[in-house]
Engineer: 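Supplied in structure tokens, the structure appears directly below.
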Amino acid sequence: MIVKLNYKLISFLCAVLVVAGACFLFEPRDAAQASGKETSSAEPKTAEEGVQVPIVMYHHMLKEKKRLGAYVVSPEEFESDVKYLKDQGFTTVVVEDLIHYVNQGTPLPKKPVMITFDDGYESTYEYALPILKKYNAKAVVSVVGAYSDLYSGNVQKNISYSYMTWEQVKEMQQSGFVEIQNHSYDMHEQKGPRHGARMVKGETVEEYKQALQDDLMLTQEKIKQATGKAPTCFTYPFGYIAKHSEEIIKELGFQASLSCASGISRVKQGDPDSLFSLKRYNRVHGGTTESFFKKAFQNLEV
């Protein structure tokens, strides 16, 4: 009788242990699914595979609803976007972080995302900077040298059209929340023969190289004078890229470039070329924050 009782007891305990072991093995995955948390989108399986980095592109920011559109969002929309990214577990990075990851193997956060502002509008200083500070987020701001020169002078200013002065550019950089990059000196135009940083019809490669060098290096020097640091990235005006653009800007010392093509780029350790023509999603006015990011990030690996 005692033997039979022990046998039954042992069988029961074994069954309990099997069930407990199964729960222990599968609980982490089930818990993650139940909580709705995503697994890391940036954790590479191998160094060669690299890391996906979604980049969001903003331009101007205004409070007047009638001025909002394809390249102008409201401060409320921007704050909603930054809060959403933070709540979803994303960590904002800047170009320097990507360069260090690619060239030195410095780890990126598990869910990196980049916020960028083109043109250097004063609204970026007035509205975006306080929001970045509030949420402890970083952004890349690419300025047009000629615009900052103009508005650093004695001209009429209005938040609806003004650009940042060099003093404001300096303050942005020194805040620790903004990285200043190069958006050309005077190539942010489409009216003349040269559209953005494209080649002019009939221009030789050497002439084009000289034109880029004269323009971009002027802004490099002005930004360095204002902030104490020369930019490492060139942001193409209007996203216009010519056949020889990338090889020329690399020769000029740039380590990365931002395009206007939609998509999610992948940067790879030991592959400096993966830092060029980085894709971005333009944030237009309207729709909800969640709908914008779900559509833009739908191809983000999780």
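Positions are given from 1, in the same order as the sequence printed here. What you see is a predicted model, and the numbers here were worked out from it, not measured in a lab. Computed over heavy atoms, backbone and side chain alike; hydrogens, waters and symmetry mates excluded.
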Engineer: Is a side-chain donor or acceptor of Y208 paired with a backbone partner of A197 at a separation under 3.5 angstrom?
Structural biologist: yes
Engineer: Is there a donor-acceptor pair closer than 3.5 Å between any side-chain N or O of Q173 and the backbone N or O of E179?
Structural biologist: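 Not confirmed, Q173 side chain does not pair with E179 backbone.
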Engineer: Please find the pair of heavy atoms, one from P54 and one from I264, that lie closest to each other, and give the distance.
Structural biologist: N-CG2, 4.0 Å
Engineer: Suppose we screen for side chain to side chain contact (heavy atoms under 4.5 Å, CB included). Which residues come up paired with E251, at least two apart in sequence or across chains?
Structural biologist: K209
Engineer: Can a donor-acceptor pair be found, under 3.5 Å and without considering hydrogens, that links the side chain of S162 to the backbone of N158?
Structural biologist: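 Answer holds: yes.
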Engineer: Would you call R194 and D186 a salt bridge, taking side-chain N to carboxylate O under 4.0 Å as the test?
Structural biologist: no
Engineer: More than 12 foreign heavy atoms under 6.0 Å from OH of Y84: is that the case here?
Structural biologist: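 Enclosed.
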Engineer: Verify, without hydrogens or angle tests, whether Q269 (side chain) and Y101 (backbone) share a donor-acceptor contact under 3.5 angstrom.
Structural biologist: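 No, the answer is negative, given that no donor and acceptor are paired below the 3.5 Å cut-off.
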Engineer: Do D119 and H183 have side chains that get closer than 4.5 Å, going by heavy atoms?
Structural biologist: yes
Engineer: In sequence, state the C-alpha distance, the side-chain angles, and the governing distance for D214 and Y185, and then conclude on side chain to side chain contact (heavy atoms under 4.5 Å, CB included).
Structural biologist: CA-CA 9 Å; D214 293 345; Y185 181 77; over 6 Å; no
Engineer: For the residue pair Y236 and F234, is the inter-centroid distance of their aromatic rings smaller than 6.0 Å?
Structural biologist: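 When the ring centroids of Y236 and F234 are compared, they turn out to be within the sub-6.0 Å range.
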Engineer: The criterion is side chain to side chain donor-acceptor pair (under 3.5 Å); which residues satisfy it with D273, sequence neighbours excluded?
Structural biologist: K250
Engineer: How long is the straight-line distance from OG1 of T92 back to CE of M114, given to the nearest 0.5 Å?
Structural biologist: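 Answer for the CE-OG1 pair, M114 versus T92, is 9.5 Å.
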Engineer: I'd like to know if W166 and Y151 are part of one continuous hydrophobic network [Ile/Leu/Val/Met/Phe/Trp/Tyr, side-chain heavy atoms within less than 4.5 Å].
Structural biologist: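 No, it is not one cluster - the side chains of Y151 and W166 are not joined through contacts under 4.5 Å.
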Engineer: Mind running side chain to side chain contact (heavy atoms under 4.5 Å, CB included) on L252 and M217 for me, showing each step along the way?
Structural biologist: CA-CA 8 Å; L252 294 176; M217 291 300 100; 3.9 Å; yes
Engineer: Under a plain distance cut-off of 3.5 Å, with no hydrogens placed, do E246 and S277 share a side-chain donor-acceptor pair?
Structural biologist: yes
Engineer: With K111 as the cation and F90 as the aromatic partner, state whether NZ or CZ is under 6.0 Å from the six-membered ring centre and within 45° of the axis.
Structural biologist: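 Yes, K111 sits over the ring of F90.
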Engineer: Is there a side chain to side chain contact (heavy atoms under 4.5 Å, CB included) between C233 and L258 once you walk through the steps?
Structural biologist: CA-CA 7 Å; C233 175; L258 295 174; 3.8 Å; yes
Engineer: Taking the six-membered ring of Y240 as reference, does the cationic atom of R198 (NZ for Lys, CZ for Arg) lie under 6.0 Å from its centre and within 45° of its axis?
Structural biologist: yes
Engineer: Is any side-chain N of the basic residue among K229 and E96 closer than 4.0 Å to the acidic one's carboxylate O?
Structural biologist: yes
Engineer: Does T227 use its side chain to pair, donor to acceptor, with the backbone of I223 at less than 3.5 Å?
Structural biologist: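 Yes, T227 side chain to I223 backbone: donor-acceptor pair under 3.5 Å.
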Engineer: Check the surroundings of atom NZ in K138: do more than 12 heavy atoms from other residues, nucleotides or ligands lie under 6.0 Å from it?
Structural biologist: no
Engineer: In Å, rounded to the nearest 0.5 Å, how long is the span from CG of L132 to OH of Y127?
Structural biologist: 15.0 Å
Engineer: Do K63 and E76 meet the salt-bridge criterion of a basic N to acidic O distance under 4.0 Å?
Structural biologist: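 Judged by the 4.0 Å cut-off on N to carboxylate O distance, E76 and K63 do not form a salt bridge.
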Engineer: Would a hydrophobic clustering, with Ile, Leu, Val, Met, Phe, Trp and Tyr connected at side-chain separations under 4.5 Å, put V56 with V284?
Structural biologist: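 No, V56 and V284 fall in different hydrophobic clusters.
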Engineer: Against T165, only a single residue in E122, K157, K170, E171 fulfils side-chain contact (heavy atoms from CB on, under 4.5 Å); can you say which?
Structural biologist: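 Of E122, K157, K170, E171, side-chain contact (heavy atoms from CB on, under 4.5 Å) with T165 is met by K157 alone.
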Engineer: Please tell me whether Y58 and T124 have a donor and an acceptor in their side chains that are separated by less than 3.5 angstrom.
Structural biologist: no
Engineer: If we only count heavy atoms from C-beta on, is the S274 to V102 side-chain gap below 4.5 Å?
Structural biologist: yes
Engineer: Just so I know, are the side chains of V51 and P112 near enough to count as touching, which here means a heavy-atom distance under 4.5 Å?
Structural biologist: yes
Engineer: Can you name the closest pair of heavy atoms from E203 and A211 and give their distance?
Structural biologist: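 Distance-wise, the nearest heavy atoms are OE2-CB, 4.1 Å.
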Engineer: Show the nearest heavy-atom pair for residues S74 and L68, with the distance to one decimal.
Structural biologist: N-CD2, 3.8 Å
Engineer: Looking at E207 and T204, would you say the former's side chain and the latter's main chain have a donor-acceptor pair under 3.5 Å?
Structural biologist: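 Such a contact is found between E207 side chain and T204 backbone.
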Engineer: Is the closest side-chain heavy-atom distance between L129 and S175 below 4.5 Å?
Structural biologist: yes
Engineer: Quick check: do D118 and T235 have side-chain heavy atoms less than 4.5 Å from each other?
Structural biologist: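 Contact flag for D118/T235 side chains = yes.
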Engineer: Return yes if a side-chain donor-acceptor contact under 3.5 Å exists between S262 and R280, otherwise no.
Structural biologist: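 Their side chains do not contain a donor-acceptor pair, so the 3.5 Å distance test is not met.
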Engineer: With a 4.5 Å cut-off on side-chain heavy-atom distances among I, L, V, M, F, W and Y, is there a chain of contacts connecting V93 to M57?
Structural biologist: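 Per the 4.5 Å side-chain linkage, V93 and M57 are not co-clustered.
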Engineer: Does the side chain of Y71 come within less than 4.5 Å of N282's, by heavy atoms?
Structural biologist: yes
Engineer: Is the backbone of H244 close enough, under 3.5 Å, to the side chain of E247 for a donor and an acceptor to pair up by distance?
Structural biologist: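 Not at all, since once roles are kept as given, no pair shorter than 3.5 Å links the two residues.
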Engineer: Starting at NE2 of H188, measure out to OG of S142 and round the result to the nearest 0.5 Å.
Structural biologist: 10.0 Å
Engineer: When rounded to the nearest 0.5 angstrom, what is the spacing between CG in L278 and CZ in F276?
Structural biologist: 9.0 Å
Engineer: Taking atom CD as the centre, does Q156 end up with more than 12 heavy-atom neighbours from other residues, nucleotides or ligands that are less than 6.0 angstrom away?
Structural biologist: no
Engineer: Do F292 and T288 have side chains that approach each other closer than 4.5 Å (heavy atoms only, starting at C-beta)?
Structural biologist: no
Engineer: When hydrophobic residues are tied together by side-chain contacts of less than 4.5 Å, even through go-betweens, does V178 share a cluster with V169?
Structural biologist: yes
Engineer: Rounded to the nearest 0.5 Å, what separates atom NZ in K279 from atom OG in S259?
Structural biologist: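 OG of S259 is found 7.5 Å from NZ of K279.
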Engineer: If you measure only the distance, is there a donor-acceptor pair under 3.5 Å linking the side chains of T232 and Q181?
Structural biologist: yes
Engineer: Which pair of heavy atoms, one from S160 and one from L62, lies closest together, and at what distance?
Structural biologist: CA-CD2, 3.7 Å
Engineer: Please report the closest heavy-atom contact between N103 and Q255, naming both atoms and the distance.
Structural biologist: ND2-OE1, 3.6 Å
Engineer: Are any non-hydrogen side-chain atoms of E49 and K268 less than 4.5 angstrom apart?
Structural biologist: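 No - every pair of side-chain heavy atoms lies 4.5 Å or more apart.
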Engineer: Are H60 and F117 an aromatic pair, judged by ring center distance below 6.0 Å?
Structural biologist: no
Engineer: Linking I/L/V/M/F/W/Y whenever any side-chain heavy atoms sit under 4.5 Å apart, do Y135 and F177 land together?
Structural biologist: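 They do share one cluster, since a chain of ILVMFWY contacts under 4.5 Å joins Y135 to F177.
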Engineer: Assess the residue pair V140 and I115 against the criterion (side chain to side chain contact (heavy atoms under 4.5 Å, CB included)); give the C-alpha distance rounded to whole Å, side-chain angles, the decisive distance to 0.1 Å, and a yes or no.
Structural biologist: CA-CA 6 Å; V140 177; I115 295 172; over 6 Å; no
Engineer: Of all the heavy-atom pairs spanning D97 and L108, show the shortest one and how long it is.
Structural biologist: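 In this case the closest contact between D97 and L108 is O-CD2, 3.7 Å.
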Engineer: Output the distance between atom CD1 (I248) and atom CZ (F254), rounded to the nearest 0.5 Å.
Structural biologist: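 Those atoms lie 12.0 Å apart.
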